[in-house]
Number of protein chains: 2
Amino acid sequence: MLKLSRLTDYAAVVMAQIARYPEQAHAATELAEAVQLPHPTVSKTLKMLVRAGLLESRRGSLGGYRLARPATLITASDIIGAIEGPVAMTECSHADGDCDLVATCGVADNWQRVSLAIRTLLDSVTLAHLAQESPLKLPVQLPIQSVTLASRAEI
Amino acid sequence: MLKLSRLTDYAAVVMAQIARYPEQAHAATELAEAVQLPHPTVSKTLKMLVRAGLLESRRGSLGGYRLARPATLITASDIIGAIEGPVAMTECSHADGDCDLVATCGVADNWQRVSLAIRTLLDSVTLAHLAQESPLKLPVQLPIQSVTLASRAEI
DNA sequence: TCTATTGAGGACCATTTTAGTCCCCTATCG
DNA sequence: CGATAGGGGACTAAAATGGTCCTCAATAGA
C-alpha cells in the first residue's frame, strides 16, 4: 500500500488549515474543531510538527501555533518526515546500511534510486500546493517520465 | 517513512533472483538459500506472488516457480501490490472513499494527485530494471519535474 | 501577583499489523 | 508407491500505531 500513517494524514490537514490563515496563531482546540478530529490527537500531532521545526508555538492566552516558515518552503517530505521519520522505502535506504544481506540482495541500489525519485517528488510538493483548494477533479497532468535506472549505455 | 514492508522487500529480491534465470524453475528451498532468508518466509512470499499472478508454480519434483510473464512486463507496483495491496498513500485515495472528513479535509484531492504520481513512477520501474546489476553508484538522473497540481491558471 | 489559557512532555493502554513458523493436504514425476 | 514440490491456512510473538490522559511550564492580562 505504501500508505501514510493516519497521523501523517492529520498533520497534512492541520498544516494546510494553518497555512490558509498564516498570520494568526491557531490554538489546538480551534484546529481540532476546524478539522473535526479529537483534540488530544491533534495536539499530539502539533507537538510533533513543532519538534520537527515546521511550526512555532507560543504558550499562554493568545498563544497557539503558526508556520515556522512560508508554506512554499515546507514540503510534503518535511511533513511526512516530521511524523514518520525520513522517507526511505527500504530498510537499507537510509545512510548507515545495517542490512547484512547486501551481498545476496542485488536490488538495493535500484530501490535506492526509486526511493530517491519518490523523495524528490515529495520534495517538489509544497504545503502551499496542498493547501490550495482545487475542487476540480482533473486527471493529473503527469510530466513524470520513467526513472532512469543507471544502465551502462548511458554512462 | 513511507516504507515498504519487509515482506515486500523480500518479494522484490526473490523476484529479481528468478528474473536472472528466467528459463528454469526455482524451488523455494533453492531461492531461500540464494537469498539467505528462512525458508518458510520465502515460501509465504512466493505464494503471495503466485496469487497475484506474477509467478507461476508447478508442484512435484522438478517443480518450482517461474515468472508468469517477462520481467519487462512486471512492475514495481505489481510487486508491492501483490504483498501490500494496491498502492495508495492515503485512506481516501482508493476508490470507495469512506472517509467522512472529506468536507473538512481540504487536501484529499491533492494527495490523490501525489499518490497517482508515485504510482505512475512505480509503474515505470520494471522487474528487469530492478534485477539488473548496477554496481555503479551513480547519482540518479532525475527527469522528474514537479507535479502539476491543478491550479486554475492552467485550466 | 494571581488566574485563566495554552502548549510541552511523557506515560500509558488497546488494537492492529507484521513477521515468522508450522502443520496437513495436494500435485507431479519416476 | 514414495519422494519432492507447492497450496492453504491457523497460530503466535512482537512491534507499530492510534489514541487518551495527567502533570508541569509559560504567557497575558486583570
Side-chain angles (χ1 to χ4, degrees), chain A residues 1-14 18 24-68 80 82-85 88 90-91 99 101, chain B residues 1-14 18 24-33 35-68 80 82-85 88-91 99 101:
Chain A
M1 307 202 218
L2 211 73
K3 201 161 39 181
L4 297 178
S5 87
R6 220 183 296 184
L7 283 189
T8 308
D9 225 337
Y10 299 165
V13 175
V14 169
I18 297 178
Q24 70 201 75
H26 302 262
T29 317
E30 174 213 321
L31 290 169
E33 268 178 35
V35 157
Q36 285 295 307
L37 288 171
H39 173 275
T41 303
V42 170
S43 181
K44 185 181 190 173
T45 309
L46 289 165
K47 288 177 208 171
M48 291 195 253
L49 292 166
V50 169
R51 241 178 289 182
L54 303 188
L55 289 180
E56 276 169 358
S57 65
R58 181 111 179 251
R59 304 190 192 182
S61 48
L62 302 191
Y65 298 88
R66 64 183 73 215
L67 300 184
I80 297 173
I83 310 292
E84 315 190 10
T90 55
E91 209 78 45
C99 173
L101 298 174
Chain B
M1 308 205 214
L2 211 73
K3 200 162 39 181
L4 297 179
S5 86
R6 218 182 299 185
L7 284 189
T8 308
D9 226 338
Y10 299 165
V13 175
V14 169
I18 298 178
Q24 69 201 74
H26 302 262
T29 317
E30 173 214 321
L31 289 170
E33 268 179 34
V35 158
Q36 286 295 307
L37 288 172
H39 173 275
T41 302
V42 170
S43 180
K44 185 181 191 175
T45 309
L46 289 165
K47 288 177 205 170
M48 291 195 252
L49 292 166
V50 169
R51 241 179 288 181
L54 303 187
L55 289 180
E56 277 170 358
S57 64
R58 181 117 181 247
R59 304 192 193 182
S61 46
L62 302 191
Y65 297 88
R66 65 182 73 212
L67 300 184
I80 297 175
I83 310 293
E84 315 189 11
M89 285 190 53
T90 54
E91 208 79 45
C99 172
L101 298 175

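Numbers restart at 1 for each chain; the letters A, B, ... are given by sequence-line order, proteins then strands. No hydrogens, no waters, no symmetry mates; every other heavy atom, side chains included, goes into these values.
Residue A:Tyr10 places none of its side-chain N or O atoms closer than 4.0 Å to OP1 or OP2 of D:dG18.
Two residues are said to be in side-chain contact when any heavy atoms from C-beta on lie closer than 4.5 Å; A:Glu84 and A:Leu4 meet this criterion.
With sequence neighbours excluded, the residues satisfying side chain to side chain donor-acceptor pair (under 3.5 Å) with B:Glu30 are B:His26. Residues passing the side chain to side chain contact (heavy atoms under 4.5 Å, CB included) test with A:Ala52 are A:Leu54, A:Ala82, sequence neighbours excluded. Partners of B:Ser5 by side chain to side chain donor-acceptor pair (under 3.5 Å), not counting sequence neighbours, listed by chain and number: B:Thr8.
To the nearest 0.5 Å, atom NZ of residue B:Lys3 and atom CG of residue B:Asp9 are 9.5 Å apart. Rounding to the nearest 0.5 angstrom, the gap separating the CG atom in A:Leu2 from the CD1 atom in B:Ile80 is 5.5 Å.
Residues from residues 59-66 of chain A with heavy atoms under 4.0 angstrom of DNA chain D, sorted by number: A:Arg59, A:Gly60, A:Ser61, A:Leu62. Taking every heavy atom of residues 39-55 of chain B and every atom of DNA chain C, pairs under 4.0 Å involve B:Pro40, B:Thr41, B:Lys44, by number.
The minimum heavy-atom distance between A:Ala68 and A:Gly53, with the atom names listed, is CB-O, 3.3 Å.
In this structure, NE2 of B:His26 is placed 15 Å from C1' of D:dA5, rounded to the nearest angstrom. Rounded to an integer number of Å, the gap from CD of B:Glu56 to C1' of D:dG6 is 14 Å. For the pair B:Glu33 CD and D:dA5 P, the computed distance is 12 Å after rounding to whole Å. Taking atom CD of B:Glu30 as the reference point, atom C1' of D:dT4 lies 14 Å away to the nearest angstrom.
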Could you list the donor-acceptor pairs under 3.5 angstrom formed by side chains in residues 34-49 of chain A, with sequence neighbours left out?
from    : atom 1 : to      : atom 2 : distance (Å)
A:Gln36 : NE2    : A:Glu33 : O      : 3.2
A:Thr45 : OG1    : A:Thr41 : O      : 2.9

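Listed by first then second residue, pairs satisfying side-chain hydrogen bond (donor to acceptor under 3.5 Å, both in side chains) with a partner in residues 52-67 of chain B number zero, not counting sequence neighbours.
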What does nucleotides 12-17 of chain D look like as a protein-contact string, B for base, S for sugar-phosphate only, - for none, at under 4.0 angstrom between heavy atoms? ------
